[in-house]
Each structure stands twice: as structure tokens, then as C-alpha cells.
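Have a look at the structure below before the remarks.
Letters go in sequence order (proteins before strands), and every chain restarts at 1. Only a predicted model underlies this, so the values are computations on that prediction, with no experimental measurement involved.
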Amino acid sequence: MLDWLDAFLISGLFGVVQIIGLGLLVHLQMGLTRVANFGVAGFWGLGLYVFGILYGKVDWPFGDPWQFLVCAIAATAASALAGLFVAWLISDLDVDGALVGTLGFATVIFLLATAWSDLTGGAAGLGGLGFPYDAGPAKTNEFIWFVLTTAIVAGILAYVLWVHRSPYGRLLIAVGTNEPLARSLGKSSTRAKLTLFTITSGMMGLLGVMQAVMFRFIIPANVTINITLAALAGLILGGITRAWGAVVGVLFTVALFDIVIQFYVPLPQEWYTQAIPVAREAIFGLALVLVLLFRPKGMLGEMKRPQLMRRIHDFK
Amino acid sequence: MPETAAETPTPTTAEAVLTISNLCSGYGSVQVLHDLSFEVRNEIFTILGANGAGKTTLLRTLAHLLPVTSGSIGFRGTDVTHAAAHETARLGVGYVPQEAAVFPDLTILENLQVGAMIGDRAFDECLEEVFQTFPDLRSKTHLRAGNLSGGESRMVACGRALMQDPKVLLLDEPTAGLSPLYVEQFFETIESIHRTRNVAVLLTEQNATKALGIADRVMVLSLGEGSTPVDAAEMTKERLKEAYKL
Ligand SMILES: Nc1ncnc2c1ncn2[C@@H]1O[C@H](COP(=O)(O)OP(=O)(O)O)[C@@H](O)[C@H]1O
Ligand SMILES: [Mg+2]
């Protein structure tokens with residue numbers, strides 16, 4: 001029934017949806033609240049590995065789907081707690097401090113994944129994972145998993161859109177633009193940032209869980225800074241302050257390269273292994289520079305809250 | 001001079017909204033405020049001082065955005081010296097800074113909404129009161145605050161502080177940079193806020209003449225040191241000159 005779908009296309013689309021999800025979450029952190037996060041791979045990777053270890057290495061007295069649910073919840077909680085902890089560490093630091101702190105966290109996760117090989121399988125990787133259901137051939141299972149992940153990312157988008165019009169979102173914007181003034185509004189800005197990081201990091205961890213199941217195999221190379229850069233490049237291109245920025249930006253970067261060019265542009269086969277990956281990084285970088293030079297607010301332009309507010313409130 | 005504020009509530013301290021005793025504050029190792037003591041009652045209390053006298057530093061300290069180095073701050077009989085900024089705001093301190101007083105990315109309405117995150121009164125009721133005080137804002141609620149003129153931003157900032165339903169308003173040079181016509185109007189508005197809402201007002205000014213017109217009491221701040229507060233009516237030119245030199 002899924003003949004039109006190539007297995008590689010499913011995994012390409014899955015990657016795009018993952019990066020959109022991460023970009024949306026980073027938008028809440030960096031676009032609204034202006035807390036730099038260069039450690040996306042760490043929060044995502046922690047969920048990935050905690051899930052992989054719990055699911056693959058622990059003898060559970062019950063099977064799927066309970067085994068999956070318990071492990072997924074634990075992995076999400078682990079990432080959420082890590083988010084809370086890192087946010088607490090960087091809560092009083094400036095942008096540079098936050099950048100170093102989050103990047104440091106991601107580095108620690110990568111090093112642990114590599115070095116703690118008893119638990120993580122080290123560079124050889126960690127297997128023993130599978131889908132919590134069996135609907136037939138692998139491609140069908142993967143397709144179902146892709147749809148589930150897309151539903152989760154759609155949920156994240158809905159959450160982002162809700163935050164944009166909620167009192168909590170206004171508080172985050174206030175904290176992001178003028179934290180001292182925001183503190184005189186009667187809400188703890190530190191608490192707002194800790195809550196934000198707990199929720200968004202937990203969601204990043206959940207996306208990591210989805211990744212672990214999709215590929216059934218985890219290696220430290222999964223959790224490098226590349227994933228952070230892809231999310232950031234997409235978000236900045238689309239517009240860091242816009243709710244839809246990550247969606248648009250990732251479609252024009254990751255999706256363009258990993259799907260359109262890979263599958264629909266007839267290029268010599270040998271290009272795919274050498275030239276295209278290099279060109280991909282070079283063009284991402286060039287696009288970023290061009291956007292920052294000529295459209296610093298991203299392809300969608302400035303956050304247009306007045307129109308939004310007029311639509312929502314529509315009263316005089 | 002009310003230097004005995006730290007003791008148990010006497011009739012005078014009971015009516016004081018803010019009690020500042022031997023307050024020292026500044027930025028890191030740079031001390032700006034030296035041993036300030038005064039109290040603000042339910043009145044318009046004006047602090048006059050030249051550029052760099054420490055007016056902004058004082059209001060930031062009272063809004064708890066700068067830590068107190070030594071001394072104490074009392075708010076309606078409670079010691080709040082080491083309270084966090086958001087706690088003081090909840091108690092009823094509304095702060096309108098001199099610069100960057102609005103959230104530029106938020107609309108006017110959203111600026112007023114973030115003011116209303118605390119306080120028990122109904123949002124619509126507070127909003128209506130703010131619109132009555134600043135009628136110009138009513139038709140502009142959806143505009144981005146970052147695009148407003150100086151006078152409009154000042155109204156939004158003031159309105160936002162009023163949405164918090166404060167017991168005392170700290171206004172840092174509320175008319176600086178406004179055209180003369182606006183200045184007069186703004187002072188009248190401040191006076192009417194004080195009278196109709198029963199809010200104590202602590203405001204700072206560089207120019208004595210206009211501010212003295214609405215003030216109940218005046219203190220002169222010079223190089224971080226304060227004069228003895230006097231009734232505005234008694235603040236003659238000679239006394240002003242003397243105080244400015246301090
Ligand atoms: N962020 C700061 N760091 C160090 N010193 C400051 C800072 N802000 C103000 N000052 C110093 O504190 C003194 C008082 O400044 P300020 O309170 O802004 O005065 P005013 O508001 O009366 O013009 C000045 O000497 C000024 O240079
Ligand atoms: Mg000042």
C-alpha cells in the first residue's frame with residue numbers, strides 16, 4: 001500500500017519533521033525569551049540515550065506498549081530535569097554565558113555517550129530497540145511512526161501558537177526584551193525561564209525518543225552539534241521571532257536538500273555521497289550569512305504582533 | 001527628620017507607605033547613595049536632583065532591581081529590604097523607569113496585560129480606569145509599543161504600573177524629554193491619579209518649577225546625599241540653591 005513511498009524518503013521526511021520540532025522549541029527559548037541554547041543536541045540526545053538504555057538494557061516485567069510508555073516518560077522526564085538544571089545554572093548569565101553553558105551540557109552528553117560504553121555501547125552503538133507495535137513490514141511500521149512523530153510536532157506547533165497569545169508568552173517576551181522591567185511586574189523571571197526550559201527540554205527529549213525508535217539503533221554520532229546547527233539554521237532563516245519561522249526555514253534548508261534534491265532532482269549518483277553533503281553545509285552557511293545581512297528578522301520578516309492582536313481582540 | 005523609622009511602628013511610621021532608613025546602594029563597588037533616610041506617606045513626594053545625583057539609582061533600589069548595600073526599606077510597616085523585585089511588586093510597588101519603560105515588542109494592550117498579571121481586581125475594570133486616565137490609548141491598543149512617541153510610551157508605562165493596582169508609584173523623571181504642553185498635562189494626570197486612586201507617588205525631577213506645583217513634600221538629592229524633606233510650599237529658591245549645593 002505504501003509503494004510510492006521509498007524507505008529513504010520516509011526517513012528523510014522524519015528528519016525534517018524532527019528538525020522542525022526542535023526549531024519550534026528553540027524559537028520559544030531564543031526567539032521569545034532570548035535565552036541562547038546551543039545545546040539542543042544534548043537535551044534531545046539525553047532523551048534518545050535514556051530511552052535506549054532503559055528500553056534496550058533493562059528487563060521489564062511487562063512488554064510493549066507499556067515498556068515503551070514507561071521508558072519514553074522516563075526519558076522525557078530526564079531531559080526536562082536536565083533542562084531545569086541547565087536553566088538554573090545559566091539563569092543569571094548573559095547570552096555568552098548561556099551559550100557556553102548549553103554547549104558545554106551538549107558536549108558532556110556526547111562524551112558520556114562515547115565513553116560510558118558499558119551503558120551506551122560507546123562508538124559501537126546501542127541496539128535492541130523496536131517499535132512498540134507490529135503492523136507488518138518494516139516500512140509500514142516506519143510510516144506509522146513517522147505519522148505519530150508528525151502529530152507530536154504538530155502538537156508542539158499548536159503549543160507554540162498558544163504560547164504566543166497566552167499571558168505566559170507575554171511574560172516570556174517581557175523577560176526576553178527587558179528582564180529588570182519584567183521583574184517589576186510581580187512575576188519571577190527566573191521561574192518563568194526555568195519553567196520554559198523544563199517544558200521545552202522535555203519535549204526535545206521526547207523527540208529524541210521518537211528518533212531512537214525510528215532507527216532502532218543509537219550511536220554517539222547521532223548527538224553531535226550538527227542537529228543543533230540544523231535546527232538553528234532553519235529557525236534563523238525562517239525568522240527566530242516568528243511562530244512559523246522554524247517550519248518555513250527548515251522547509252527551505254533541510255527539506256530542500258534532504259528531500260527535494262535527494263529524491264527529485266536527477267543528479268549523478270556519485271554526487272550524493274561527496275558533493276551534496278558538502279554543498280549542503282556550505283549553502284546553509286551562505287544562506288545564514290545572507291539572511292543575517294539582508295533580512296535579519298528572517299524570511300518572514302518581523303514578528304507582526306499588532307495584526308495578530310487586532311485579530312484576536314478586535315475591539316476599540 | 002524621620003530617622004527613627006526602624007523602631008516599632010509609631011503613629012508616623014504607621015501612616016508611612018515607604019520608610020527608608022540609612023539606605024546605601026550603588027553598582028558593585030561604586031557606592032552612589034549615601035545614608036539616605038526619609039519616608040513617603042500617602043502624598044506626592046518629589047525628589048529633585050541634577051543629572052547624576054542618584055535619582056534613578058534610588059528608584060531602582062526601591063524597586064529592588066539593585067541590592068541594598070546597607071540600611072533598610074520598609075513598606076507599610078513590613079521590612080522589605082531584601083525582598084525580590086517581584087515580591088515588592090506584589091506588595092504594591094509600581095515602578096516606571098526613566099528609560100526603556102515599555103516592552104517594545106508587545107502591543108499597548110499587551111503591555112497593559114503584563115501589568116495585570118498581579119492584583120485581584122478584574123482586568124476590564126482596571127483597563128477602563130487606565131483608559132479614563134489616558135484617553136489617548138483607547139484607540140491604539142493594537143499598536144506596537146516600540147513605535148510610540150516618547151509621550152505615548154510614558155502613558156503606556158504609567159498605565160501598566162496602574163494595572164498592578166499599586167499602593168505607591170515610583171516615577172523616574174516622568175516628563176523628561178516631553179514637550180512643554182505634554183509636561184503640564186502629565187503632571188496634572190499624576191496629581192489626579194494620586195487624588196482619585198489614593199496612590200502614594202514618589203517622583204524624581206530635574207526641573208524644580210513644574211514638579212513643585214503638584215508636590216506635597218520635596219527632598220533634594222545631590223551626589224547621593226539627601227536633604228531634609230520639607231513641604232513643597234516652604235521650598236523657596238534660596239533653600240533650593242542651598243540644597244543643590246549641599
Ligand atoms: N550601571 C551603572 N554602573 C555604574 N555606575 C552607574 C550606573 N548607572 C549610573 N551610575 C552612576 O551613578 C550615579 C548616579 O546616576 P543616576 O542614578 O542615573 O543619576 P540620575 O538619575 O540622578 O541622573 C552617576 O554617577 C552614574 O555615573
Ligand atoms: Mg536618572
If every non-hydrogen atom of [X] is compared with every non-hydrogen atom of [Y], which pair is closest and at what distance?
{"X": "I118(B)", "Y": "G186(A)", "result": "CG2-O, 3.7 Å"}
{"X": "S188(A)", "Y": "H86(B)", "result": "CB-CE1, 3.4 Å"}
{"X": "A89(B)", "Y": "L185(A)", "result": "CB-C, 4.1 Å"}

Pick one of side chain, backbone, both or neither for [X], based on which atoms fall under 4.5 Å of a heavy atom in chain A.
{"X": "V96(B)", "answer": "neither"}
{"X": "R160(B)", "answer": "side chain"}
{"X": "A157(B)", "answer": "neither"}
{"X": "A63(B)", "answer": "neither"}

Look up atom [atom1] in [X] and atom [atom2] in [Y], then write down how far apart they are to the nearest 0.5 Å.
{"X": "F103(B)", "Y": "I173(A)", "atom1": "CZ", "atom2": "CD1", "answer": "10.5 Å"}
{"X": "L171(A)", "Y": "E110(B)", "atom1": "CG", "atom2": "CD", "answer": "12.5 Å"}
{"X": "L65(B)", "Y": "R183(A)", "atom1": "CG", "atom2": "CZ", "answer": "5.5 Å"}

Relative to chain B, which of G176(A), P167(A), P180(A), A174(A) shows the most heavy atom pairs under 4.5 Å?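 Looking at each of G176(A), P167(A), P180(A), A174(A) in turn, A174(A) comes out on top.
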At a heavy-atom distance under 4.5 Å, which candidate from A100(B), A161(B), A84(B), G94(B) has the highest pair count against chain A?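 Option with the greatest count: A100(B).
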Count the heavy atoms belonging to other residues, nucleotides or ligands that lie under 6.0 Å from [atom1] of [X], then report whether that count exceeds 12.
{"X": "R191(A)", "atom1": "CZ", "answer": "no"}
{"X": "L223(B)", "atom1": "CG", "answer": "no"}
{"X": "W162(A)", "atom1": "CH2", "answer": "yes"}
{"X": "F85(A)", "atom1": "CZ", "answer": "no"}

Quick one: what part of S184(A) sits under 4.5 Å from any heavy atom of chain B, side chain, backbone, both or neither?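 Both parts, backbone and side chain.
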